[in-house]
Amino acid sequence: MLAGFLIAYLNIDEVIRIIRFEDHPKQALMARWDLSDEQAEAILNIRLRALHKLEQLAIEKETAELQAEKAKLEALLADPAKRWKAIDKELVQLKAEFGQGTPRGARRTEIGGPPGEIAVPVHAFVEREPVTVLCSAKGWIRTVKGHNVPLGDQRYKEGDGPRFSVEAQTTDRILVFANTGRFYTLGVDKLPGGRGMGEPLRLMIDLPNDADIVTLLPYREGQKLLLISSDGRGFLAAQDEAAAQTRAGKQVMNPSDGAVARWCFAVGGEGAPDAVGLLGENRKLLVLPLDEIADMQRGRGVILQKYRDGGLADVRMLKLAEGISWQSGSRTRSEPDLTAWRTGRGSSGRMAPTGFPQKPVKFP
């Protein structure tokens, strides 16, 4: 290519004449100076601004360098000794630049063992959909699609009726808390759905015949649970400690003799209740902030409210800033200031507020 450019620069006037007046300038250039097709095409594509002396000198210099390199390569090809000497020199240069211990020779990839097994959670293969888990009074469990379902429209077996309803996702797990203090875990996607009556919960978990279900709630990693027994004992437990992997479940609360586990609440989170109200069968009320309740992995718990006779009648989660309210006939009454009933953990509390029902009743 460069040889063709040199011919063009040395014969620029003749090249211009051919381009201006010949009908087929490319063929004329090839015939005039024995040029190849590529050389003739390159000459025709030269821009006018490149037709100056400096460009010619640059091409002559580059041509000379290429000729010298060509001669050097031809000499190496003709002499094996020179070839090996050149190879030896290049290897020494490569070692100095890329050898071990040099900055550019440091290994950039790590050699390790084979990768370990990747544990893929089962719920990763389950399509996430909102459902409502329904459990009847006789322990038949099923799911219906969606949230905010009309509970009054749901059908149950004759002699049975509604008891628990939990909004969840098909990827969730449900914690079942029994009055024995044992937790069981069920995958929501494994529960029967459709329009049927469901299946008995006792066929899915090893729940004793004399045990009853206290509550159902969705498992939330990192969240805590407040567990309370009928004798006024309780503690905070991590949901992670309650989640079980087998039908046998996991024993978390160990109620005292004659007592049963009776209440279980999920606690924590922004805007959630920060206290619990304990109402004894003696009509004494104790308000206890959650931060005064001990954290335990398992056990029977610490004394939350003390009784001379009887036990715990009812429990309600509260917000201290909002006080407490209860139903009195057709009216809803309230007590906004709970200071008088914050007598400390392990105390018996004080008599319920004025106007509170004579017999222990459920809070609204």
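FYI, the numbering just counts along the sequence from 1. Owing to the predicted nature of the structure, the values given are computational and were not obtained by experimental measurement.
Of the possible donor and acceptor atoms, none in the side chain of Asp274 sits under 3.5 Å from a partner among the backbone N and O of Pro289. Arg182 places a side-chain N or O within 3.5 Å of a backbone atom of Ala248 that can act as its donor or acceptor partner. Side chain of Glu335 to backbone of Pro353: no donor-acceptor contact under 3.5 angstrom is found. The closest donor-acceptor contact from the side chain of Glu281 to the backbone of Gly311 lies under 3.5 Å. Panel note: side chain Gln154, backbone Pro150; a donor-acceptor pair is recorded below 3.5 Å.
Looking only at side-chain heavy atoms (C-beta outward), Val315 and Phe265 come within less than 4.5 Å of each other. The shortest side-chain heavy-atom distance between Pro273 and Val267 does not fall under the 4.5 Å cut-off. The shortest side-chain heavy-atom distance between Leu312 and Ile228 falls under the 4.5 Å cut-off. In this structure, Glu221 and Gln239 have side chains that are not in contact, with every pair of non-hydrogen atoms separated by 4.5 Å or more. At a threshold of 4.5 Å between non-hydrogen side-chain atoms, the residues Ser334 and Ile324 do not count as touching. Here the side chains of Leu201 and Leu186 are in contact, with some heavy-atom distance below 4.5 Å. Using a 4.5 Å cut-off on side-chain heavy atoms (C-beta onward), Leu304 and Leu288 make contact. Counting heavy atoms from C-beta outward, Leu285 and Arg350 have side chains that stay 4.5 Å or more apart.
For Thr143, the side-chain contact (heavy atoms from CB on, under 4.5 Å) partners at least two apart in sequence or on another chain are Val131, Val133, Val188, Leu191. The side-chain contact (heavy atoms from CB on, under 4.5 Å) search around Lys95 returns none, not counting sequence neighbours. Not counting sequence neighbours, Tyr184 has no partner by the ring pair (Phe, Tyr, Trp, His ring centres under 6.0 Å) test. The side-chain contact (heavy atoms from CB on, under 4.5 Å) search around Glu199 returns Pro192, Met204, not counting sequence neighbours. Applying the side-chain contact (heavy atoms from CB on, under 4.5 Å) rule to Glu167 yields the partners Thr132, His147, Asn148; only residues at least two apart in sequence or on another chain are considered.
In the hydrophobic clustering, where aliphatic and aromatic side chains (Ile, Leu, Val, Met, Phe, Trp, Tyr) are joined below 4.5 Å either directly or transitively, Leu134 groups with Val144, Val149, Leu151, Tyr156. Think of Val260 as one node in a network of Ile, Leu, Val, Met, Phe, Trp and Tyr side chains linked at under 4.5 Å; it has no links at all. Summarising the hydrophobic clusters (Ile, Leu, Val, Met, Phe, Trp, Tyr; side-chain heavy atoms under 4.5 Å, direct or chained), the residues clustered with Leu225 are Leu175, Phe177, Phe183, Val214, Leu217, Tyr219, Leu227, Phe235, Val252, Met253, Met296.
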Which atom pairs, one a donor and one an acceptor, fall under 3.5 Å between side chains of residues 338-346 and the rest of the protein, sequence neighbours left out?
| residue | atom | partner | partner atom | Å |
| --- | --- | --- | --- | --- |
| Thr339 | OG1 | Asp337 | OD1 | 2.7 |
| Trp341 | NE1 | Met351 | O | 2.8 |
| Thr343 | OG1 | Ser347 | OG | 2.6 |
| Arg345 | NH1 | Glu292 | O | 3.1 |

Under 3.5 Å, which donor-acceptor pairs link side chains of residues 66-78 to any protein atom two or more places apart or in another chain?
none

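Counting only residues at least two apart or on different chains, the side chain to side chain donor-acceptor pair (under 3.5 Å) pairs with a member in residues 227-236 are Ser229-Asp231, Asp231-Ser256. Note on residues 200-215: pairs passing side chain to side chain donor-acceptor pair (under 3.5 Å), not counting sequence neighbours, are Arg163-Asp212, Asp206-Arg247.
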* Applying side chain to side chain contact (heavy atoms under 4.5 Å, CB included), run through Leu279 and Gln305 and close with a yes or a no. => CA-CA 9 Å; Leu279 177 66; Gln305 187 178 27; 6.0 Å; no

* To do: Let me see the working for Val176 and Ile141 under side chain to side chain contact (heavy atoms under 4.5 Å, CB included), right down to the final yes or no.
  => CA-CA 11 Å; Val176 180; Ile141 192 168; 5.7 Å; no

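Between Ala28 and Glu22, the closest heavy-atom pair is CB-CG, 4.0 Å. Here the closest heavy-atom approach between residue Glu241 and residue Lys250 is recorded as O-CD, 2.7 Å. When all heavy atoms of Arg298 and Gln251 are compared, the pair lying nearest together is NE-O, 3.7 Å. Between Ala244 and Thr185, the closest heavy-atom pair is N-OG1, 2.7 Å. In terms of heavy-atom proximity, Ala261 sits nearest to Ala178 at CB-O, 3.9 Å. Residues Cys135 and Gly139 approach most closely at SG-CA, 4.0 Å, considering heavy atoms.
Note that CG of Leu236 and NZ of Lys224 are 6.0 Å apart. Values are rounded to the nearest 0.5 Å. In this structure, CG in Leu35 is found 11.0 Å from NZ in Lys26, a value given to the nearest 0.5 Å. A distance of 8.5 Å separates CH2 of Trp263 from CG of Leu278, quoted to the nearest 0.5 Å. We find the NZ-CE distance between Lys138 and Met197 to be 12.5 Å, quoted to the nearest 0.5 Å. Here the CD-CG distance, from Gln93 to Leu91, works out to 9.5 Å after rounding to the nearest 0.5 Å. Taking CD of Gln27 as the reference point, atom NE2 of His24 lies at 6.5 Å (rounded to 0.5 Å).
No more than 12 heavy-atom neighbours from other residues, nucleotides or ligands sit within 6.0 angstrom of NZ on Lys306.
For the 3.5 Å distance criterion, the side chains of Ser136 and Asp160 qualify, holding a donor opposite an acceptor.
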